[in-house]
Chemist: 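This is the structure, below, for whatever I ask next.
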Amino acid sequence: MKKQPQLTLVGAGPGDPDLISIKGLNALKAADVVLYDALVSPELLAHAPNALTVFVGKRAGHHEMPQQEINRLIVEYALQYGHVVRLKGGDPFVFGRGHEEIEHAGKFGIATEVIPGISSATGIPGLHKIPLTRRGVTESFWVITGTTLEGTLSGDVEHAARSHATVVILMGLSRLTEIVQVFKDAGKSQLPVAVIQNGSLPDEKTALGTIETIESEVKEKGLKAPAVIIIGEVVKLAPEFNLLKEKLYLI
């Protein structure tokens, strides 16, 4: 009997395979097909032993598969095999284009479900004991993409730089010079910054500094994408930051 077509978006979390939800694991176990991204741990595929697994990942500067082709494959596999799990790094609704995928599937009458994941925007700071909000320090946080659809730095960075909020920028390492200049123009050269590459993974790298020093710190540590940029006074609360206080003239 032919199975009913179904699409389940599953957030795999920031990288560490242990950070996926139980509901996400259960979806993998029930999958007929798993379409997975570049930032997804291959270890998670072991939870879908009976499924066809297809890599559809994209990396900055190396787009192995256009989004339109991914959308097409979702529909093709769902109609042919039944239950498709779209396994995406982080949370599928935080710069994951998840809504585009369920919208496309819905046009073909395919039932859809979303299982949220831990976004790198919130999970990576937490793993480093950086609170995005803290009473008496900051009351809100912004999560901003480093590069817009037009390939430019988001104008929201300028708005965020004028606020007292913590600012988390994803996919922004290639635009670090522009980001730094925006905050300098806002008079915040001494604002603390953390840049974390491959957060939650064994090969994680971290650079800590201020707006004034972070570019040289990133260069010295050899950080590359993918990385999360965290800007704000809360970065001072990270245990690692205490080691830099003398160097950064913050004591």
Side-chain angles (χ1 to χ4, degrees), residues 1-15 17 19-60 62-123 142-152 154-156 168-171 226 228:
M1 185 174 68
K2 189 174 181 181
K3 293 185 178 181
Q4 283 293 109
Q6 177 185 348
L7 168 65
T8 303
L9 295 187
V10 176
L19 293 175
I20 193 172
S21 68
I22 293 173
K23 190 168 186 178
L25 288 180
N26 288 336
L28 284 173
K29 291 173 185 175
D32 296 305
V33 181
V34 178
L35 304 180
Y36 66 99
D37 279 351
L39 299 181
V40 168
S41 170
E43 291 180 40
L44 290 175
L45 300 179
H47 295 281
N50 301 316
L52 172 67
T53 57
V54 182
F55 175 72
V56 293
K58 294 176 286 185
R59 289 276 196 182
H62 301 279
H63 297 281
E64 284 87 358
M65 190 173 289
Q67 185 63 47
Q68 293 88 340
E69 178 64 9
I70 294 173
N71 292 348
R72 187 190 69 78
L73 287 177
I74 287 171
V75 172
E76 178 182 313
Y77 283 125
L79 295 177
Q80 183 176 353
Y81 293 100
H83 185 195
V84 173
V85 166
R86 179 72 172 95
L87 190 60
K88 303 169 77 71
D91 182 277
F93 273 21
V94 180
F95 302 122
R97 305 186 73 167
H99 191 266
E100 295 176 41
E101 294 176 359
I102 63 169
E103 187 175 52
H104 183 76
K107 293 176 182 177
F108 294 83
I110 297 169
T112 61
E113 181 182 4
V114 178
I115 300 176
I118 298 173
S119 170
S120 59
T122 54
W142 292 58
V143 179
I144 308 172
T145 179
T147 306
T148 65
L149 187 62
E150 292 75 29
T152 59
S154 171
D156 285 345
V168 181
I169 301 176
L170 305 183
M171 301 169 286
V228 176

Chemist: Step by step, would you call T148 with E150 a side-chain hydrogen bond (donor to acceptor under 3.5 Å, both in side chains)?
Modeler: CA-CA 5 Å; T148 65; E150 292 75 29; 3.3 Å; yes
Chemist: Report the residues that fulfil ring-ring contact (aromatic ring centres under 6.0 Å, His included) with H83, sequence neighbours left out, ordered by chain and then residue number.
Modeler: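 In terms of ring-ring contact (aromatic ring centres under 6.0 Å, His included), with neighbours along the sequence ignored, H83 is linked to no residue.
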Chemist: Which pair of heavy atoms, one from A12 and one from V40, lies closest together, and at what distance?
Modeler: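 Taking A12 first and V40 second, the nearest heavy atoms are CB-CG2, 4.1 Å.
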Chemist: How many angstroms lie between atom CG of L7 and atom CG of L35, to the nearest 0.5 angstrom?
Modeler: 8.5 Å
Chemist: Which pair of heavy atoms, one from A31 and one from A51, lies closest together, and at what distance?
Modeler: O-CB, 3.4 Å
Chemist: Roughly how far, to the nearest 0.5 Å, is the NZ atom of K3 from the CG atom of L79?
Modeler: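 Here the interatomic distance stands at 14.5 Å.
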Chemist: Of the non-hydrogen atoms in Y81 and D32, which two are nearest, and what is the gap between them?
Modeler: O-OD2, 3.4 Å
Chemist: Step by step, would you call M65 with I70 a side-chain contact (heavy atoms from CB on, under 4.5 Å)?
Modeler: CA-CA 7 Å; M65 190 173 289; I70 294 173; 3.8 Å; yes
Chemist: Counting only heavy atoms from other residues, nucleotides and ligands, does the tally under 6.0 Å from CD of E43 exceed 12?
Modeler: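 Open.
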Chemist: Taking all heavy atoms of A48 and all of L28, pick out the closest pair and write down the distance.
Modeler: CB-O, 3.3 Å
Chemist: So E101 and R97, salt bridge (charged side-chain N to carboxylate O under 4.0 Å, His left out) or not? Walk me through it.
Modeler: CA-CA 7 Å; E101 294 176 359; R97 305 186 73 167; over 6 Å; no
Chemist: Which atom names give the shortest non-hydrogen contact between V84 and A78, and what distance separates them?
Modeler: CG2-N, 3.4 Å
Chemist: To the nearest 0.5 Å, tell me how far I20 CD1 sits from L87 CG.
Modeler: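 CG of L87 is found 5.5 Å from CD1 of I20.
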Chemist: What is the distance from atom OG of S41 to atom CG of L19, rounded to the nearest 0.5 Å?
Modeler: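 If we round to the nearest 0.5 Å, S41:OG and L19:CG are 10.5 Å apart.
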Chemist: If you compare all heavy atoms of L9 against all heavy atoms of G98, which two are closest, and at what distance to 0.1 Å?
Modeler: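 For L9 and G98, the tightest heavy-atom pair comes out as CD1-O, 3.3 Å.
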Chemist: Is any side-chain heavy atom of R86 closer than 4.5 Å to a side-chain heavy atom of D37?
Modeler: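 They are in contact (side-chain heavy atoms under 4.5 Å apart), so the answer is yes.
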Chemist: Between CZ of F93 and CD1 of I102, what distance do you get to the nearest 0.5 Å?
Modeler: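 Going from the CZ atom of F93 to the CD1 atom of I102 covers 4.0 Å.
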Chemist: Side chains of H47 and L25: does their closest heavy-atom pair fall under 4.5 Å?
Modeler: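 Contact flag for H47/L25 side chains = yes.
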Chemist: Decide yes or no for L170 and V228: does some side-chain heavy atom of the first lie under 4.5 Å from some side-chain heavy atom of the second?
Modeler: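 In short, these two side chains touch, coming nearer than 4.5 Å.
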Chemist: Between L44 and Y36, is there a side-chain heavy-atom distance shorter than 4.5 Å?
Modeler: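 When only atoms from C-beta onward are counted, L44 and Y36 do not touch, as no gap falls below 4.5 Å.
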Chemist: Measuring from atom NE2 of H104 to atom OG1 of T112, what distance do you get when rounded to the nearest 0.5 angstrom?
Modeler: 12.5 Å
